[in-house]
Amino acid sequence: MTKKFIPIDYDYFDYDGKNHVKIFGRDETNEQICIIDTCPIFMWAILKENVTKKQIIELIKEVKEVYVQTKDRTTTIEKVETHEKNYSGKKVVALKIFATNYKDLSSVASKLDNELIDKRRGYDLGFTTHYIIEKKLNPLVWYDIETTELEEDDYDFIKNELKTEKVLKLNSHRPSTVDSIPSTDFTSRSLAYDIETDSLKPELGAILMISLYGKDFKKVITWKKGPTTQDYVEFVEDEKALLKTFLKHVEEYKPDFLVGYNSDAFDMPYIKTRAKMLKIKFPIGLDKSEPKIRKGIPPTTKITGITHLDLYKFVKTAYAQYMQSETLSLNDVASEFLGEKKIPFVFKHSKDIKENEWDLYYRYNLKDSDLAFQLFEKFLPDMIEFSKVVKEPIFEASRNGLSKQIEGYILHNLEKFNEIPERKPNQKETGARMQQGQTQGAFVFKPTAGLYEDLGMFDFTSMHTSIIISHNISKGTLIEPSTVNSQPSTDYNDSPEIKIDGKNIKYHFTKEPGFFPLLLQEIFDKRKQFKKEYNENPNPMTKARSNAFKVLSASAHGYIAFSGARYYSKEAAESILAFVRQYNQETIQKIKDAGQKIIYGDTDSVVFTLEGKSESTIKELLKKINSELPGVMNLELEGFFKRGLWVNTRGGETGAKKKYAMITENGIVKIRGFETVRRDWCELARKTQDHILRLILKQGNEKESLKYVKEIIKQLKERKISKDKLIIRTQLKKPITEYKAISPHVTAAIKMQKQGMAVGIGSLIEYYIGNTGGSSKLVRDKALLKNEDGEYDITYYLKKQMLPSVDQIFQVFGIDIKEVIDGQKQENLKKWF
DNA sequence: GCGGGCTTGTTACC
DNA sequence: ACCGGTAACAAGCCCGC
């Protein structure tokens, strides 16, 4: 039978002791089908140099005898072949060892301790990844497939087990040409879900309701009956019936994706535990399996056949670092990307909910699913894109950290280079890598505080990645021994001179392009493509996509320096960073030589004054610098700015790095590093600072700002500032008990814990400083919870929030803000200075 | 018990 | 633990006086 097929979810099972995949996806009629397939299972034994043919024949005999016995299977060697391969860019002879079960390859590997074998590789990819690499049935791509129906005795248990109507055996497949399908666009069926409970712990509270939201599908299922006019509310008898009804709707809808927000850690584990407590089955998987929760920090929840997606995870890795929102709560994220918020509803235990309040609770519950669904629709193209680029199933691609994404991408593309994959480092190696200490990083130009006019800013496009590509830097292209001399060589690509342990050395890399640098090119190009897309059509989504590939592209260097990476290389990381410093300083020099004054620079950027030159003259300069850059390296114009402000460090006499504010001719303001952008400062200090920065940038002087600050200070002293503007938000970065220094946010967290609130790693602790500490001088003794009664501590907010946030800004204009206010309000000030 | 230097911890920039 | 180095800064900690 010939069909079209798009693979979505991958799972595997053992049959007759052998691995099989079952792939869930859709066909051209949009029917959900399951494909069963197998693939050759093998690993590699790389032989030492100069092993003779005779020795190989003997070795093969020996290898064939290896087997692994586990409690439910015996894994044997099926055949052994000899191949010429590349390993880390070097030619090697390797045995391709075929075995019956992938899960035992690592045990097989440890039994191959013959002295002719140098290295054992390719046993630690995971079966799904191995399968995709081997058969090239990539996720989310349309294929033309040849299938056969299962015969009577084939996989009998599967047929009975699967909810999917069609289960087919795959014979062959090839990528479908775009033309052959009217619409190759994959229109997924998806449901977002959200639960409401009486507790954060399933042991302590029931699930009250579950909402589901999809295209033309709205449902709130609940056993808590209150008057409502919402026709989507479905009442059921009890919690058991609630779970069963939820299951029924999911089964009927047949979604490809079941989507939640933080559902990996909360919703699905909660449901699973409650089902267990209620002694009912919850066979949501298409193979009637329960959700599989991989415990860990953070946990992941997989449902066989239905891709369970947790948007929180994806937002966190792909977008978070470029987002405006200060938390990644559904409310903040929805508000940033959708311009919509959750329905306000104060959490109450169900026993405290009045009859007429249930209706709001239903609507609240539905809205959460609604928001999650809308976010899903916005993010799906990006998740699909990641999945396709990295060639990992969307379940993984949407959860993987950046190093995993880069690594997945590399592993899935090694075959083009005839490369044997590197293995994962073990714990000992990871530890040793970490102990080597830090690598010297980028260069940051020390600015001189001041308000500058007419500025230009250049920055390098994906600097680290373009260095890797242009200079062919990687573990595999490094010439060993690596601690080579500083003599320049025409045979190799040299790194800049690097000082290591007091010695100046240069690393050499081959001129022949290595697979790692070559592979980065695609990610690099994608980044360019999406940036262009954003520039042509700027909106929050094109921006997010552009940034998602920006982070992916920018992670290549971090990956190389990451102790857990297969292709880790300290030498490569050092070389990349040496180039980063060199290029930045060279660029600074070139701009200086052109007659511009350098104001600032950080890693890959330079800010300079125009010195009366026209923008087109500056663009010519940029062109000239670019003409001198190698490979894909590219310096671009970040922008022209009408004014820019740099300040001194607090209590210091020199300019502060990583803190500046600039404004374009059109009034677009760019603020970096200032308290304005730091969430651990109270809103009052941040908003005030933001306001005066803008005023100064717009007007070119401090006059208005001064008036403004005086007014705010007056209000603060008169207690006219509302407390919510004084809340300080700080995140717990580790378990409460592990803190050596007990800072205010830790005290506040302890308080919250005592009140029975769930606090732990990642919780954002909200507190304010009040007049409660008695004689204590410690700030922590005055930390009050957000909703705790008390008066705010005027002195603290003046001295520790307001003043610091504006002090250095006024210093630029020679104004001592303390004195100014002091002169005006002599008597009050004595109290706080 | 006070002050200064050091350490711990968080958040930002790139 | 899950990309890394550079930097600013607050608050606590610690030690000498």
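Within every chain, numbering begins at 1; the chains are lettered A, B, ... in the order of the sequence lines, protein sequences first and strands thereafter.
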> Could you tell me how far C/dC3 sits from B/dT8 if I compare only their P atoms? Round to whole Å.
25 Å

> Does A/R679 have a side-chain nitrogen or oxygen under 4.0 Å from the phosphate oxygens OP1 or OP2 of B/dT11?
yes

> Of the candidate nucleotides C/dA8, C/dA10, B/dT10, which contains the atom at the shortest distance from the side chain of A/W681?
C/dA10

> Give the ring-plane orientation class for A/Y739 versus A/H745, where under 30° counts as parallel, over 60° as perpendicular and anything between as tilted.
perpendicular

> Does A/K659 place a side-chain N or O at less than 4.0 Å from the phosphate oxygens OP1/OP2 of B/dC13?
no

> Kindly say whether, by distance alone, the side chain of A/Q321 makes a donor-acceptor pair under 3.5 Å with the base of C/dC3?
yes

> Do A/E636 and A/D459 have side chains that get closer than 4.5 Å, going by heavy atoms?
yes

> Once you round it to whole Å, what is the distance between C1' of C/dC9 and CD of A/Q801?
12 Å

> Name the orientation class of the two ring planes belonging to A/H471 and A/Y583 (parallel below 30°, tilted from 30 to 60°, perpendicular beyond 60°).
tilted

> Should A/L764 and A/R679 count as side-chain neighbours, where that means a heavy-atom distance under 4.5 Å?
yes

> Which one, C/dG4, B/dT11, C/dC9, comes nearest to the side chain of A/A561?
C/dG4

> Among the candidates C/dG12, C/dA8, B/dT8, find the nucleotide nearest to the side-chain atoms of A/K740.
B/dT8

> Under 4.0 angstrom, heavy atoms only, what part of the nucleic acid is A/K658 near: base, sugar-phosphate, or nothing?
base

> Report which part of the nucleic acid A/G673 touches: base, sugar-phosphate, or nothing (heavy-atom distance under 4.0 Å, all strands).
sugar-phosphate

> Please give, in whole Å, the distance from C/dA7 P to A/N648 CG?
16 Å

> Rounding to an integer number of Å, can you tell me how far A/E574 CD sits from C/dG5 P?
11 Å

> Would you call the rings of A/Y797 and A/Y792 parallel, tilted or perpendicular if under 30° counts as parallel and over 60° as perpendicular?
perpendicular

> For A/R650, report the nucleic acid contact type (base, sugar-phosphate, nothing); a contact means any heavy atom under 4.0 Å.
sugar-phosphate

> Which nucleotide, C/dA10, C/dC3, B/dA12, lies nearest any side-chain atom of A/R678?
B/dA12

> Okay, side chain of A/E407, backbone of A/R566: is any donor-acceptor separation there less than 3.5 Å?
yes

> Heavy atoms only, 4.0 Å cut-off, all strands: where does A/S605 land among base, sugar-phosphate and nothing?
nothing

> How close or far is atom P of C/dA7 from atom CD of A/Q438, stated in whole angstroms?
11 Å

> So does A/Y739 get a side-chain nitrogen or oxygen closer than 4.0 Å to the phosphate oxygens (OP1/OP2) of B/dT7?
no

> Taking 4.0 Å as the cut-off, does a side-chain nitrogen or oxygen of A/K777 come that near to OP1 or OP2 on B/dC2?
yes

> With DNA chain C as reference, determine whether A/K446 or A/D602 sits nearer its 5' end, using the nearest nucleotide of each.
A/D602

> Counting heavy atoms from C-beta on, name the nucleotide in C/dC2, C/dA11, B/dT11 closest to the side chain of A/Q731.
B/dT11

> Taking the side chain as every heavy atom from C-beta outward, state whether A/F386 and A/T317 have any pair of such atoms under 4.5 Å apart.
no

> By the 4.0 Å heavy-atom rule, please label A/Y796 as base, sugar-phosphate, or nothing.
sugar-phosphate

> Counting only side-chain heavy atoms from C-beta out, which of C/dC2, B/dT11, C/dC9 sits nearest to A/T730?
B/dT11

> If I take atom CD in residue A/Q808 and atom C1' in nucleotide C/dA10, what distance separates them, rounded to the nearest angstrom?
13 Å

> Rounded to whole angstrom units, what separation is found between the CD atom of A/E638 and the C1' atom of B/dC13?
13 Å

> From B/dC14, C/dC3, C/dG12, pick the nucleotide closest to the side chain of A/D604?
B/dC14

> Taking only N and O in the side chain of A/T603, is any of them less than 4.0 Å away from OP1 or OP2 of B/dC14?
no

> Out of C/dC2, B/dT11, C/dA11, which has the shortest distance to the side chain of A/D680?
B/dT11

> Once you apply a heavy-atom cut-off of 4.0 Å, does A/Y660 come out as touching a base, just sugar-phosphate, or nothing?
sugar-phosphate

> Do any side-chain nitrogens or oxygens of A/Q436 fall under 4.0 Å of OP1 or OP2 in C/dG4?
no

> Considering just the side-chain nitrogens and oxygens of A/R780, establish if one lies under 4.0 Å of OP1 or OP2 belonging to C/dC13.
yes

> Can you tell me how far P of B/dT7 sits from CD1 of A/I742, to the nearest Å?
18 Å

> Identify whether any heavy atom of A/Q440 sits under 4.0 Å from a base atom; if not, whether one sits that close to sugar-phosphate; answer base, sugar-phosphate or nothing.
sugar-phosphate

> Tell me whether the side-chain N/O atoms of A/H745 come closer than 4.0 Å to OP1 or OP2 in B/dT10.
yes

> Would you say the rings of A/F641 and A/Y452 are close, in the sense that their centroids are separated by under 6.0 Å?
no

> Any side-chain N or O of A/Y322 less than 4.0 Å from the OP1 or OP2 oxygen of B/dA12?
no

> Look at all strands and tell whether A/G558 reaches a base, only sugar-phosphate, or nothing, counting heavy atoms closer than 4.0 Å.
base

> For A/L402 and C/dG5, what is the distance between atoms CG and C1' respectively, to the nearest whole Å?
16 Å

